[in-house]
Amino acid sequence: MISDFALPNPLPRSFYNRSALVVAKELLGKLLVRNLDKGLLIGKIVEVEAYLGAKDPASHAYRGPTKRNEMMFGEGGHLYVYFTYGMHFCANVVTGKTGVAEAVLLRAVEPLDGIETMLRKRGFASLNRNLTNGPAKLCQAFGIGRNENGTDLLGSEIFIVDAVTSRKEPIGVSTRIGVSRGKEKRWRFFVKGNEWVSKRNNTEYRRQKR
DNA sequence: TAGTTGATCGTCT
DNA sequence: GACGATCAACTAA
């Protein structure tokens, strides 16, 4: 249990008010924290993807603001949660200044604390990789859904802090997963070799492993 | 282990 | 009316 220790303050607004490409890389290794009545859920961010709004055909914001994507056009440091495939939620960290629709998709975390609660929310009896190694999986484990869309990451409910012991870990880069447009952009970043990264069989991962 | 497919519905065309 | 920033269950080998 590390929740007995005092956590650092949430990352400041200035951290988020930068390009999604910069924020995405720097988010690796940081801690995603969910503050529930029962206690804290904490996961180390090990995999992210950057979505660059108007410049990015794969982004929900490519064609301009709509009711669904309006969060992305707001101030950095808020959560953009969307519903997809009729059954899944995915969570993004909004970056850039107001009016810039950039965001970073949280794809995978390494569970560190509150694991009992995460297991219950996912319906698992014991710890395994499927708990949080995918964007919809980590949302389910952290209880992130429609209600969490727009949450301010500088509040006390959901926030991100610097890891206390942040060793420099090697970062891998690849194309993004599951997109049909903007395929060629290498805007996925992950902690190399970390077992909680979503796809072990990703081509880029294999190439770098060899 | 790799490859395929069904589930399921909100959002945009 | 089509499709999706996914997942889990299934098949084949």
ask   = From A/Met118 CE over to A/Leu112 CG, what is the distance, rounded to the nearest 0.5 angstrom?
value = 7.5 Å

ask   = Where along residues 15-27 of chain A does a heavy atom fall under 4.0 Å from DNA chain C?
value = none

ask   = Considering every strand shown, what is the Watson-Crick or G-U wobble mate of B/dT8 when both distances are under 3.5 Å?
value = none

Qualifying residue, where the test is side chain to side chain contact (heavy atoms under 4.5 Å, CB included) with A/Glu49 and the options are A/Leu106, A/Ile177, A/Val104 = A/Ile177

inquiry  = Rounded to whole Å, please give me the gap between NZ in A/Lys183 and C1' in C/dA5.
reply    = 13 Å

task = Can you tell me the distance, in whole Å, between the CZ atom of A/Arg129 and the P atom of B/dT1?
result = 10 Å

message = Under 3.5 Å for both donor-acceptor distances, Watson-Crick or wobble: does C/dT11 have a partner, and if so which one?
response = B/dA2

request  = Go through A/Trp187 and A/Asp56 one step at a time and tell me if the side-chain contact (heavy atoms from CB on, under 4.5 Å) criterion holds.
outcome  = CA-CA 11 Å; A/Trp187 289 343; A/Asp56 181 4; 3.7 Å; yes

query = Near A/Arg13 CZ, under 6.0 Å, is it more than 12 heavy atoms from other residues, nucleotides or ligands?
reply = yes

query = Rounded to the nearest Å, what distance is computed from the NZ atom of residue A/Lys55 to the C1' atom of nucleotide C/dA5?
reply = 18 Å

message = Over all strands shown, is A/Ala58 touching base, sugar-phosphate only, or nothing at heavy-atom distances under 4.0 angstrom?
response = base

key: Ring-face cation contact, A/Phe15 with A/Arg18, 6.0 Å cut, 45° max   = yes

inquiry  = On the six-membered ring of A/Phe190, is A/Arg107 placed so that its NZ or CZ lies under 6.0 angstrom from the centre and within 45° of the ring axis?
reply    = no

request  = Specify the separation, in whole Å, of atom CD of A/Glu102 and atom P of C/dA5.
outcome  = 18 Å

query = If you round to the nearest 0.5 Å, how far is CZ of A/Phe124 from CG of A/Leu119?
reply = 8.5 Å

inquiry  = Would you say A/Arg122 places a side-chain N or O within less than 4.0 Å of OP1 or OP2 belonging to C/dC7?
reply    = no

ask   = When you check the phosphate oxygens OP1 and OP2 of C/dG4, does a side-chain N or O of A/Ser180 lie under 4.0 Å from one of them?
value = yes

inquiry  = Please determine whether the number of non-hydrogen atoms from other residues, nucleotides or ligands lying under 6.0 Å from atom OH of A/Tyr62 exceeds 12.
reply    = no

Could I get a table of every N or O pair under 3.5 Å where one atom is in the protein and the other is in nucleotides 6-11 of chain B?
| residue | atom | partner | partner atom | Å |
| --- | --- | --- | --- | --- |
| B/dT8 | O2 | A/Tyr85 | O | 2.6 |

task = Take the protein atom CD of A/Glu49 and the nucleotide atom P of C/dG4, then report the distance between them rounded to whole Å.
result = 15 Å

request  = Tell me, yes or no, whether the heavy-atom count around A/Glu157 atom CD, taken from other residues, nucleotides or ligands under 6.0 Å, exceeds 12.
outcome  = yes

ask   = Tell me: CG of A/Asn69 to C1' of C/dG4, nearest whole Å?
value = 15 Å

remark   = When rounded to whole Å, the OH to C1' distance for the pair A/Tyr62 and C/dA5 reads 16 Å

Side-chain N or O of A/Lys137 closer than 4.0 Å to phosphate OP1/OP2 of C/dA8 = yes

message = Please report the distance, rounded to the nearest Å, between CG in A/Leu105 and P in C/dG4.
response = 16 Å

